[in-house]
Chemist: 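Sending over a structure as structure tokens; questions will come in a sec.
Per chain, numbering begins at 1; letters A, B, ... match sequence-line order.
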Amino acid sequence: MKKSNLYQKIYYLTKKIPRGKVATYGQIAALCGSPRAARIVGYALHIIPENSQIPWQRVINRQGIISTTCFEHPPTLQADILKSEGVEVNNHKGVFQIDLKKYLWRP
DNA sequence: AAGGTGACTAACA
DNA sequence: ATGTTAGCCACCT
């Protein structure tokens, strides 16, 4: 069950992202104390347990773009959930983008 | 055990 | 501005 301390931190911090806000992979990594572990954050969310209660949809890349490739969690679904939480998601020709100036979580 | 991979970034050309 | 390159580091095979 227990993966690694880093993963636990990632999941813990992701849960702290408030509704209506988003965070970037690098941001989560930095809060974990590993500023260079952005890719690990992505991987951690990729293998996220289904019943984990973790708001994976609130984590996006540095450009404010939804970058999931996971078949179980497609960008369309992520965009829908975010919109339902009050986050503006611009569908720019199949690329879902969010205004980080407005919606980036600032701890 | 060792090499490959990726829901990333920042730095260059 | 857009495309390419190189670091990154825990997990997977």
Chemist: Determine, step by step, whether A/H46 and A/T69 satisfy the side-chain contact (heavy atoms from CB on, under 4.5 Å) criterion, reporting the C-alpha distance in whole Å, the side-chain angles of both residues, the deciding distance to 0.1 Å, and the verdict.
Modeler: CA-CA 9 Å; A/H46 182 227; A/T69 60; 5.7 Å; no
Chemist: Taking all non-hydrogen atoms of both residues, which atom of A/A29 and which atom of A/A38 are closest, and how far apart?
Modeler: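 Heavy atoms of A/A29 and A/A38 come nearest at CB-N, 3.7 Å.
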Chemist: Please list, in numerical order, the residues of residues 72-101 of chain A that have a heavy atom closer than 4.0 Å to any atom of DNA chain B.
Modeler: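 Here the set is A/H73.
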Chemist: Under 4.0 Å from a heavy atom of chain A: give me the 5'-most and 3'-most nucleotides of DNA chain B that qualify.
Modeler: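 The protein-touched segment is B/dG6 to B/dA10.
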Chemist: Which atom pair, heavy atoms only, marks the closest approach of A/P55 to A/T14?
Modeler: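 Taking A/P55 first and A/T14 second, the nearest heavy atoms are CG-O, 3.3 Å.
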Chemist: Going by heavy atoms closer than 4.0 Å, what residues in residues 17-35 of chain A are next to DNA chain B?
Modeler: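 Hits under 4.0 Å, by residue number: A/T24, A/Y25, A/G26.
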Chemist: Can you list every pair that meets side-chain hydrogen bond (donor to acceptor under 3.5 Å, both in side chains) and has a residue in residues 52-66 of chain A, with sequence neighbours left out?
Modeler: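 Found A/Q57-A/E85, A/R58-A/E85.
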Chemist: Go through the steps to decide whether A/I47 and A/Y7 satisfy the test side-chain contact (heavy atoms from CB on, under 4.5 Å), and finish with yes or no.
Modeler: CA-CA 10 Å; A/I47 65 172; A/Y7 269 44; 3.3 Å; yes
Chemist: Mind checking the CD1-OG1 spacing from A/I98 to A/T24? Nearest 0.5 Å is all I need.
Modeler: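 A/I98 CD1 to A/T24 OG1: 11.5 Å, rounded to 0.5 Å.
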Chemist: From OH of A/Y43 over to P of C/dA10, roughly how many Å is that when rounded to an integer?
Modeler: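 A/Y43 atom OH is separated from C/dA10 atom P by 14 Å.
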Chemist: For residues 90-105 of chain A, which residue pairs qualify under salt bridge (Lys or Arg N to Asp or Glu O under 4.0 Å), counting only residues two or more places apart or in two chains?
Modeler: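 Only A/E88-A/K102 qualify under salt bridge (Lys or Arg N to Asp or Glu O under 4.0 Å).
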Chemist: With the criterion being N/O to N/O and under 3.5 Å, what pairs connect the protein with nucleotides 1-7 of chain C, and how long is each?
Modeler:
| from | atom 1 | to | atom 2 | distance (Å) |
| --- | --- | --- | --- | --- |
| C/dG7 | O6 | A/R39 | NH1 | 2.9 |

Chemist: To the nearest 0.5 Å, what is the distance between CD on A/Q78 and SG on A/C70?
Modeler: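 Reported to 0.5 Å precision, the distance equals 10.5 Å.
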Chemist: Report yes if the side chains of A/L6 and A/C32 come closer than 4.5 Å at any heavy-atom pair, otherwise no.
Modeler: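 A side-chain contact under 4.5 Å exists here.
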Chemist: Compare every heavy atom of A/Y25 with every heavy atom of A/L45, then report the nearest pair and how far apart it is.
Modeler: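 Heavy atoms of A/L45 and A/Y25 come nearest at CD1-CE2, 4.2 Å.
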Chemist: Can you give me the closest heavy-atom contact between A/K21 and A/V87, atom names plus distance?
Modeler: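 The pair with the smallest heavy-atom distance is N-CG2, 4.2 Å.
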Chemist: Return the minimal non-hydrogen interatomic distance between A/A79 and A/F96, and the atom names on each side.
Modeler: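 Heavy atoms of A/A79 and A/F96 come nearest at CB-CD2, 3.5 Å.
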